[in-house]
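The structure under discussion appears below in the form of structure tokens.
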2 protein chains.
Amino acid sequence: MTDNSVDGDAVDELEVWCAGEDWCPVTTTASLIGRKWHPVIVHRLLEHGPSGFNELKTNVDGISSKVLSDSLENLEEKGLVDRDIVSEKPFRVQYSLTEHGESLEPVIVSMRDWGLEHLTEPSE
Amino acid sequence: MTDNSVDGDAVDELEVWCAGEDWCPVTTTASLIGRKWHPVIVHRLLEHGPSGFNELKTNVDGISSKVLSDSLENLEEKGLVDRDIVSEKPFRVQYSLTEHGESLEPVIVSMRDWGLEHLTEPSE
DNA sequence: CTGTATCCACAACGATACTG
DNA sequence: CAGTATCGTTGTGGATACAG
């Protein structure tokens with residue numbers, strides 16, 4: 001390895017960085033968002049910005065309260081999502097992405113693009 | 001599709017394509033590779049090319065026979081991976097990516113890059 | 001080498017209902 | 001609005017052993 005410059009042209013080839021080491025960025029990334037709903041939730045937050053619980057629930061489409069709740073808790077633990085109480089009287093909460101979470105945008109975008117190009121028919 | 005509205009400048013904003021419809025490319029993509037090991041396996045196949053079972057098992061690092069077997073079967077069902085018997089006498093098999101599977105490269109690369117940039121310390 | 005056979009544990013998911 | 005409580009099902013992961 002010349003010098004493992006992480007970005008830019010290093011992308012043209014998928015090489016080393018995992019050789020010999022016992023961790024791998026793909027593995028680690030997958031452990032954070034490699035779940036059925038996590039990428040979708042992050043995506044909705046990217047798309048719609050900070051959202052309330054039910055707003056998110058509606059946007060995510062098909063997720064149950066419990067699963068959304070679990071997922072958000074998990075994303076919080078991982079430092080990808082922030083939960084802020086914006087109002088006590090009418091109890092309102094806002095979920096938003098942390099910087100860490102926002103940085104996932106390229107990943108989510110690539111997933112979206114792939115889905116758009118290769119899965120135009122979900123019935124497959 | 002070089003015309004892809006999906007890439008390039010379209011990325012600056014994450015908008016529509018999911019509005020009103022009951023499917024979403026992110027959801028669908030996540031349902032295919034939104035698992036702990038799937039992206040890693042696909043990555044290894046991208047990196048090392050067609051691989052045998054144990055070769056893959058070694059490369060994936062830490063995965064058990066059962067889980068790898070299960071995952072490969074799942075990836076096959078999804079049309080992302082092909083399994084070819086290359087030799088009967090000394091029984092040898094080769095797993096390789098289908099075109100569909102190879103097309104996931106940008107997604108895997110983005111996951112790798114994100115991991116490299118944001119998770120230099122897996123201990124976090 | 002290429003897996004399968006078990007068994008087990010636990011996480012994820014899902015539906016429904018219900019509370020503050 | 002923002003969740004929790006339950007319960008049940010399925011999926012995922014991991015260890016060990018064994019078979020073609």
Side-chain angles (χ1 to χ4, degrees), chain A residues 22-24 26-42 44-45 48-78 80-96, chain B residues 22-24 26-42 44-45 48-78 80-96:
Chain A
D22 50 16
W23 82 283
C24 150
V26 177
T27 308
T28 322
T29 305
S31 72
L32 292 187
I33 59 165
R35 292 289 135 196
K36 182 173 181 181
W37 294 110
H38 288 201
V40 186
I41 293 169
V42 172
R44 295 306 188 276
L45 289 173
H48 302 286
S51 311
F53 186 86
N54 278 328
E55 186 183 352
L56 211 44
K57 186 169 182 297
T58 300
N59 290 332
V60 168
D61 158 59
I63 198 171
S64 71
S65 297
K66 179 187 175 298
V67 174
L68 178 56
S69 183
D70 289 350
S71 301
L72 284 170
E73 188 178 0
N74 188 272
L75 288 168
E76 265 190 270
E77 288 168 5
K78 287 166 174 165
L80 299 172
V81 163
D82 266 341
R83 177 179 182 273
D84 297 297
I85 299 175
V86 292
S87 160
E88 286 283 6
K89 278 292 297 305
F91 191 57
R92 275 165 183 279
V93 168
Q94 224 177 37
Y95 289 97
S96 56
Chain B
D22 51 15
W23 82 283
C24 151
V26 177
T27 309
T28 323
T29 305
S31 74
L32 291 188
I33 60 165
R35 293 289 135 195
K36 182 173 180 182
W37 294 109
H38 289 202
V40 187
I41 293 169
V42 172
R44 295 306 188 277
L45 289 173
H48 302 287
S51 311
F53 186 84
N54 277 330
E55 187 184 351
L56 211 43
K57 186 170 182 295
T58 301
N59 290 332
V60 168
D61 158 60
I63 198 171
S64 72
S65 296
K66 178 188 174 297
V67 175
L68 178 56
S69 183
D70 289 350
S71 301
L72 285 170
E73 188 178 1
N74 188 273
L75 287 168
E76 264 190 272
E77 287 169 6
K78 287 164 176 166
L80 299 173
V81 163
D82 266 341
R83 177 180 183 273
D84 297 297
I85 300 177
V86 292
S87 160
E88 285 283 5
K89 278 292 296 306
F91 191 57
R92 274 163 185 281
V93 169
Q94 224 177 36
Y95 289 97
S96 55

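Every chain is numbered from 1 and lettered A, B, ... according to where its sequence line falls, protein lines coming before strand lines.
Note that the two end axes of the helix from C:dC1-D:dG20 to C:dG20-D:dC1 enclose an angle of 50°, each drawn from 5 base pairs, rounded to 10 degrees.
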Side-chain donor-acceptor pairs of residues 82-91 of chain A under 3.5 Å, sequence neighbours excluded:
| unit_1 | atom_1 | unit_2 | atom_2 | d |
| --- | --- | --- | --- | --- |
| A:Arg83 | NE | A:Tyr95 | OH | 3.3 |
| A:Ser87 | OG | A:Pro90 | O | 2.7 |

For residues 64-75 of chain B, please give each side-chain donor-acceptor pair under 3.5 Å, one per line with the distance, not counting sequence neighbours.
| unit_1 | atom_1 | unit_2 | atom_2 | d |
| --- | --- | --- | --- | --- |
| B:Ser64 | OG | B:Val67 | N | 3.3 |
| B:Lys66 | NZ | B:Asp70 | OD2 | 2.8 |
| B:Ser71 | OG | B:Val67 | O | 2.7 |
| B:Asn74 | OD1 | B:Lys78 | NZ | 2.6 |

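Side-chain atoms of B:Trp37 and B:Ile63, non-hydrogen and from C-beta on, do get closer than 4.5 Å to each other. Using a 4.5 Å cut-off on side-chain heavy atoms (C-beta onward), A:Cys24 and B:Arg44 make contact.
Residues that satisfy the side-chain contact (heavy atoms from CB on, under 4.5 Å) test with A:Ser51, not counting sequence neighbours, are A:Leu45, A:His48, A:Glu55, A:Leu56.
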Check: When you check every protein heavy atom under 4.0 Å of nucleotides 2-16 of chain C, what one-letter string (B, S, -) results, 5' to 3'?
Finding: BBB-BB----SBBB-

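The span of DNA chain D lying next to chain B, judged by atoms under 4.0 Å from heavy atoms, is bounded 5' to 3' by D:dT12 to D:dA15.
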